[in-house]
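Everything on this sheet refers to the single structure shown next.
Every value quoted in this text rests on a predicted model; they were computed, and no experiment measured them. The first residue in the sequence is number 1, and the count goes up from there.
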Amino acid sequence: MNEEGPPLSSNLQKWRMRRQLSVSALARAAEISKSTVSELERGLGNPSLDTLWSIAKTLNVPLGALFTDSGTNGDLEVRRYADAPTMESDNVGHIAKILTGWRADGEIEVAVVTLADRARRDSRGNAQGVVERVVCVQGTVAVGTQENSAELGVGDLIRFRADQPHFYEAIGGPGRLVVVQEYGVVT
């Protein structure tokens, strides 16, 4: 579980260095000031969404790569909607909250799962290597394995290895989930 705030400063520096760009070169290519890049890498400043989009585009990474750690932190990870970095556009009414990002080398399947009040769905497990990311969009739902699970509220995300027995259970009312299954490359 990631208890820290968004890792913008370290991710920005990591991606800039991977792309072999100096602070000046990134600033020039993204059409922003060198001081803005430097401040962001030091954990200072409050960049606009347009500035962040420009940086992400220049680095050729998804916007979420600047805010989330795509590494796997064990078998289970929960990210709370309330803790997700919030970005507001200069356009009134547009707010983005990035829960996660990852690089996939296989197939991705997205499903919407609806559960009646107190309904429980048990799975014997998916194919070897499948990882699920589940976002609760309605109600309160317990999700995970028998050993590791969490109650999700609206907007919360959980990631776990789904190649083992796992479950979804609505708690105190109906629930709805967006389930993203990542299947590894089949050779």
Cluster link [X] to [Y], ILVMFWY, side chain under 4.5 Å:
| X | Y | answer |
| --- | --- | --- |
| Ile32 | Leu66 | yes |
| Val180 | Val137 | yes |
| Leu52 | Val37 | yes |
| Val179 | Phe160 | yes |

### Message
If you apply the rule side chain to side chain contact (heavy atoms under 4.5 Å, CB included), what do you find for Leu152 with Val78, and how did you get there?
### Response
CA-CA 9 Å; Leu152 304 181; Val78 177; 4.3 Å; yes

Show the nearest heavy-atom pair for residues [X] and [Y], with the distance to one decimal.
| X | Y | result |
| --- | --- | --- |
| Leu59 | Arg19 | O-NE, 2.6 Å |
| Ala170 | Ala116 | CB-O, 3.3 Å |
| Gln146 | Arg120 | NE2-NH2, 3.4 Å |
| Gly153 | Cys136 | O-CB, 3.3 Å |
| Ala25 | Ser22 | N-OG, 3.0 Å |
| Gly45 | Glu39 | CA-OE1, 4.4 Å |

Enter the distance from [X]:[atom1] to [Y]:[atom2] here, rounded to the nearest 0.5 Å.
| X | Y | atom1 | atom2 | value |
| --- | --- | --- | --- | --- |
| Asn46 | Thr51 | CG | OG1 | 10.0 Å |
| Leu157 | Leu177 | CG | CG | 11.0 Å |
| Asp122 | Tyr168 | CG | OH | 10.5 Å |
| Arg28 | Leu21 | CZ | CG | 9.5 Å |
| Gln164 | Asn126 | CD | CG | 10.0 Å |
| Arg133 | Arg159 | CZ | CZ | 6.5 Å |

Taking the side chain as C-beta and beyond, is there a heavy-atom pair between [X] and [Y] under 4.5 Å?
| X | Y | answer |
| --- | --- | --- |
| Val141 | Val134 | no |
| Val113 | Arg121 | no |
| Leu26 | Leu12 | yes |
| Ser38 | Arg42 | yes |

### Task
Decide yes or no on side chain to side chain contact (heavy atoms under 4.5 Å, CB included) for Ile55 and Thr58, but give the supporting numbers first.
CA-CA 5 Å; Ile55 291 170; Thr58 301; 5.8 Å; no

### Query
Would you say the side chains of Ser33 and Ser35 form a donor-acceptor pair under 3.5 Å?
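Per modelled atom types, Ser33 and Ser35 side chains form a pair under 3.5 Å.
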
### Query
Is a donor on one side and an acceptor on the other found under 3.5 Å between the side chain of Ser123 and the backbone of His166?
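No.
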
#### Entry: Qualifying residue, where the test is side-chain contact (heavy atoms from CB on, under 4.5 Å) with Arg16 and the options are Leu40, Asn11, Val23
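Considering Leu40, Asn11, Val23, a side-chain contact (heavy atoms from CB on, under 4.5 Å) with Arg16 is found only for Val23.
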
